[in-house]
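First comes the structure, then the notes that go with it.
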Amino acid sequence: MENEPAFFETSPTPGVVGKPLNRVDGRDKVMGKAKYSAEYPLPGLVYGVLKTSDIAKGRVQSIDTSLAMKEPGVVQILTHLNLPKLAKTPNDPEGKKAIGAPMGFLPMTSDVIHYAGQPVALVVADTFERATQAAALVRVNYAAEAPIAAYTDKRARLFNPEKIQDGKQDGYTRRGDAQAALASAPIKLTATYTHAINHHNPMEPGATTAIWEAPDRVTVYESTQGVTRTQKALAAYLGLPQDQVRVITKFLGGGFGCKGSCWPHTVLTVQAAKAVGRPVKLVLSRKQQFTSMGHREDQTQTLTLGASKEGKLLALIHEKTSTTSPWDNYAEANSKIINLLYDSPTFESHYELGRANVMTSTFTRAPGEAPGSFAIECSMDDLAYQLGIDPIEIRLRNYAEKDPSTGQPWSSKSLRQCYARGAELFGWSKRNPKAGATRNGRLLVGYGMATASYPVHNSQGTARVRLYADGHAVVQAGATDLGTGTYTVMTQVAADSLGLAPDKIRFELGDTKLPTAPNSGGSVAAGTVSSSVYMAAQDVWERLTKVAIKDPKSPLFQAKAEDVTAENGRLQLKKDAAKGEHFMALMKRAGMDDIEGSGQGKYGAGYETGRPSNPAGPQNNTESEAKHSMHSFGAHFCEVQVDPDLGTVRVTRWVSVHGAGRILNAKTARSQIIGGSIFGIGAALMEATARDPHYARYTNADLGDYHIPVNADIPDMTVEFIDEHDPYINAMGVKGIGEISMVGVTAAVANAVFHATGKRVRDLPITPDKILSTKSV
Amino acid sequence: MNNFSYLQTSQAKDATAAVAGTKGAAFIAGGTTVLDLMKLNVENHSQLVDINMVPFKGIEQTADGLRIGALERMSDVGEHPLVVQNYPVISQALLLAASPQLRNMASIGGNLLQRTRCGYFRDVAFPCNKRNPGSGCPAQEGENRNLAILGGSKACIATHPGDLGVALAALDAVLLLENAKGKQRRVPLVDFHVVPGNTPQRETVLEPGELIVSVTVPAAAHARKSKYLKVRDRASYAFALASAAVGLDVQSGQIRSARVALGGVGTKPWRSVAAEKILTGAPATEATFRAAAAAALRDAQPREQNRFKVELAQNTLVRALLELSAA
Ligand SMILES: Cc1cc2nc3c(=O)[nH]c(=O)nc-3n(C[C@H](O)[C@H](O)[C@H](O)COP(=O)(O)OP(=O)(O)OC[C@H]3O[C@@H](n4cnc5c(N)ncnc54)[C@H](O)[C@@H]3O)c2cc1C
Ligand code: SF4
């Protein structure tokens, strides 16, 4: 980091970064010109439709496709009997690793059924309707066995995994002697929290369009949060060199984590295209979406606090039990945030898993941090009430001045300001400290708050800038715009880095032909890609400086390169701004049409240590080598009004204040925080996928019965950011905001419900039945 | 969804003849139920007979009361001044249902014939007595949070999910039906839907090919002073966990006549004569309302996940009566 220029120093003049620029792709989206992955009308395109398993456990005894094959327009029906062979599958650990698969099982590679909704056949026909009809006519005979639906089933085998998430996280963590500290703590609190199954349900379902350009070369238009990760996965599946697989994602209709990996339907579609020798498009139905791209697992957490009478934490012990699939030890790592949010001298965490007939769960917005914060932030609230201390005050008494889990100092932390500003905006001081004591007619009014935090995951990526002598630029990085504004913010960064107006920049993304960017997941995209773009621009300036100092006609002739700086498109002397010229003049005189530069952006620990790591994912171990612990922090404030007789809870006011480094675009950032908060309000009050306990099959897999918030559920929301300058995290000083926006939200709502009613509902979502059946304390 | 043929006609007799005479044929009005279920393969009609051109229209005050053509749209009826002023419970039930897009398509006749949201019914991979008689009812021991506590049987506890039927049940509405022979008959709404018993596949008394022509609602003081209260998991666009349609005629604090029906809790729109008996002649007080609510739910048979509905339905009814009597 010492040798790298930083945006703060090189772009001191106010530009467009940070301004509430409208989305540069907004018009195309409104006009229907933005093409999503299922919207490429390739010549000869045929349509794939999945047939999925009725049963959750057993075997396919026989498949009769004869009736379906007779339907007009049917081209091919793939089953486990005729699926073209793959070079690797995730069915063994080595294959899973090579592919980077989210699940250690690929359907249709044998007759075995492990979960309801598992693909058993893929029908290809000349229209979507005919493929759908034919899929209904495929007759599958199953030898069914009794499935296990969840870890709560008495027959489920519970075990303590040594590692979770393919070895990336420990199944047991211990810092100090939490048990001893608890034993001698004057205050002890234990509470158990449960979280329903949640599905991401992006507006755009999973979608793949695959076209084999040559027998050993395939192009895939894919609805993914990372073209490179999908490219690597498919290359491993197919046994092709990575550059023979091209993945394109120009627009994405949301992902929330479910599009962070390459799931079975993608490779099955690629194989179908191979089998029929024509491009094949497959779009998951909404119902299939519930069993194709993972979910947030059903889970129980028990959190035990030991504290002094003054409310100072002495011990934290966290246990989590959750459902996982027959093959993988996946669990959201809830304990991480609990380990670092407050200054507790001791900590212990255990994970326990129960195998069931479900697909593997996966990262869902703020994986781990969201449910983990529910437990710790509700328990801190309980502690505050028990001791008669204000909920903000109890948090300040336990304020972590450095990262308790590692001992590292924070790279930046504006949490105190977030509490103070949030409280002021919300009117926290008007709160009656007594629960159940504030009324609005028949309704009970409650105020709740919670802390948010999310790590700056180590990541890196590259970008390319081509600057033209006529004053415009094309900027490229193989990043993804989840719909949240990557196109827009990168245009802003490029504009300021190059001294051009935003309308002179074209930013291109979403293609493995472009320089590699990380997956848009773990909130790494904004920080990494913006740094890459900025560094690529610096590369252009360096190259042009070399030209200028050798050009006798340039005012910078024979200047020292290190004395030259770029500002507003001008190369000039640092000490004498008048001495210099605009790049257009320089390039014209030199007869240059354009000039290209590229740059690598590092985000997080890799930036500080100078030692980057795996660009395809946020998980790594460089973090412990960095001097600083890097996190965003924030606070949510919530007012609810609860009808005590009808059990309905309405969120009536909302304030979120975050310290998340440099904000690239005030408007898209605000939208991110609003979106994440609404996501959390959904999880808090209504989102729950119901899995039948006997059939291990979902009973509400549609958006009529799986409730997400509608407009009427959401009040006007106030969002602010604390001005934060963090020089340690990346060249731009940017932290991500996609995930932190949802952390702490469920707790803020639950805490408000408690304040309103005196009822502590620890079982999400907080639906009317739970308000009615929970007793006040 | 299977392939099907499509017939459009403006003549009721052609429509009824086509559906009565063709195996697997069904009417389509707004299509928001029938197409949904066909896409799920829950219904597999060989032919759809489009009745949208059949002139079963009109929202008007007649000597008998309010007459609504079966092909009027939910939104048009819900917003009609006559309905808003003289039959507010009907207007509110309609406007609190579904979404604006659905209400703009969905018809009055179709609404009364919508089918349960029971998750087992809507997924053909499950057994379900209603969809596949004799196959079993996994809801009894399974996901039954949104299912009925009144009118269920060992064979089926599916809720009638609609709102309009509840308001119409309260107000003594009568349906005019017409069969393939052109013969018309009148059936009170409360007798139109039937409880599941041992034949949950049979939901109404409608004969094959018979059409709903119109709905008539008698004018009454308890219709003018009426209210629909709906409790659900989110603020809008969700089916009722419990709802109450109530009408009251109160003179100097005494209830002269009362109408009560419950939604979200019954296997059919659930009129409660027991509650009405307690209300009629009694003072319009919370104590009376509580007693009426207890009577309305006396026969409730909750399952594991829907036990809360016993209390919720009572509270919903009490609240509706309190708000109505205070208005
Ligand atoms: C997501 C969603 C949410 C919903 N939420 C609600 C809600 O909150 N409250 C609520 O009340 N409803 C709700 N509905 C149901 C909706 O109101 C019904 O689908 C709609 O009213 C059906 O009317 P339609 O005209 O579209 O019927 P269609 O789908 O056209 O027909 C339904 C059935 O009735 C038959 N039919 C139609 N008209 C006649 C007639 N005149 N005579 C004889 N048979 C006829 C058809 O053959 C078919 O069997 C919801 C629906 C959806 C999809
Ligand atoms: S309750 Fe009725 S509709 Fe639901 S599964 Fe049982 S029989 Fe089928």
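Quick note on labels: first sequence line is chain A, next is B, and so on, each numbered from 1.
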Part of [X] lying under 4.5 Å from any heavy atom of chain A:
{"X": "B/Glu141", "answer": "both"}
{"X": "B/Leu322", "answer": "side chain"}
{"X": "B/Arg232", "answer": "backbone"}
{"X": "B/Asn3", "answer": "both"}
{"X": "B/Asp123", "answer": "both"}

Heavy-atom pair of closest approach, residues [X] and [Y]:
{"X": "B/Leu241", "Y": "A/Pro768", "result": "CD1-CG, 3.8 Å"}
{"X": "B/Asn41", "Y": "A/Ala136", "result": "ND2-CB, 3.9 Å"}
{"X": "B/Gly142", "Y": "A/Asp692", "result": "CA-OD1, 3.9 Å"}
{"X": "A/Asp645", "Y": "B/Asn315", "result": "O-ND2, 2.8 Å"}

Which residues share a side-chain hydrogen bond (donor to acceptor under 3.5 Å, both in side chains) with B/Glu43, sequence neighbours left out: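 Listed in chain order: B/His45, B/Arg115.
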In terms of heavy-atom proximity below 4.5 Å to chain B, should [X] be classed as side chain, backbone, both, or neither?
{"X": "A/Ile55", "result": "neither"}
{"X": "A/Leu703", "result": "backbone"}
{"X": "A/Asn711", "result": "neither"}
{"X": "A/Glu129", "result": "neither"}
{"X": "A/Arg650", "result": "side chain"}
{"X": "A/Ser773", "result": "neither"}

Looking at B/Asp233, B/Val318, B/Leu229, B/Asn306, which one has more heavy-atom pairs under 4.5 Å with chain A than the rest?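 Going by pairs under 4.5 Å, I would pick B/Asp233.
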Using a cut-off of under 4.5 Å for heavy-atom pairs, which of A/Ile708, A/Leu137, A/Thr132 has the most such pairs with chain B?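 If we count pairs closer than 4.5 Å to chain B, A/Ile708 comes out on top.
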Heavy atoms only, distances under 4.5 angstrom: which of A/Thr648, A/Leu685, A/Asp643 has the most pairs with chain B? Name it, please.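 It is A/Asp643.
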Heavy atoms, side chains only, cut-off 4.5 Å: are B/Arg319 and A/Arg442 in contact?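 The answer is yes, as the side chains (C-beta and beyond) meet within the 4.5 Å cut-off.
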Report, as yes or no, whether the 6.0 Å neighbourhood of atom [atom1] on [X] holds more than 12 heavy atoms from other residues, nucleotides or ligands.
{"X": "B/Gln8", "atom1": "CD", "result": "yes"}
{"X": "A/Glu145", "atom1": "CD", "result": "yes"}
{"X": "A/Phe128", "atom1": "CZ", "result": "no"}

Rounded to the nearest 0.5 Å, what separates atom [atom1] in [X] from atom [atom2] in [Y]?
{"X": "B/Glu143", "Y": "A/Asn700", "atom1": "CD", "atom2": "CG", "result": "7.5 Å"}
{"X": "A/Thr699", "Y": "B/Phe126", "atom1": "OG1", "atom2": "CZ", "result": "6.0 Å"}
{"X": "A/Asp769", "Y": "B/Asn146", "atom1": "CG", "atom2": "CG", "result": "11.0 Å"}
{"X": "B/Glu311", "Y": "A/Leu646", "atom1": "CD", "atom2": "CG", "result": "10.0 Å"}
{"X": "A/Lys287", "Y": "B/Arg122", "atom1": "NZ", "atom2": "CZ", "result": "8.5 Å"}
{"X": "B/Arg234", "Y": "A/His707", "atom1": "CZ", "atom2": "NE2", "result": "5.0 Å"}

Evaluate the salt bridge (charged side-chain N to carboxylate O under 4.0 Å, His left out) criterion for residues B/Arg117 and A/Asp702: first the C-alpha distance (whole Å), next the side-chain angles of each, then the deciding distance (0.1 Å), finally the verdict. CA-CA 11 Å; B/Arg117 297 298 295 194; A/Asp702 66 51; 3.7 Å; yes
Please list, in residue-number order, every residue in residues 58-67 of chain A that has a heavy atom less than 4.5 Å from any heavy atom of chain B; write 'none' if there are none.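 Counting heavy atoms that sit under 4.5 Å from chain B, no residue of residues 58-67 of chain A is involved.
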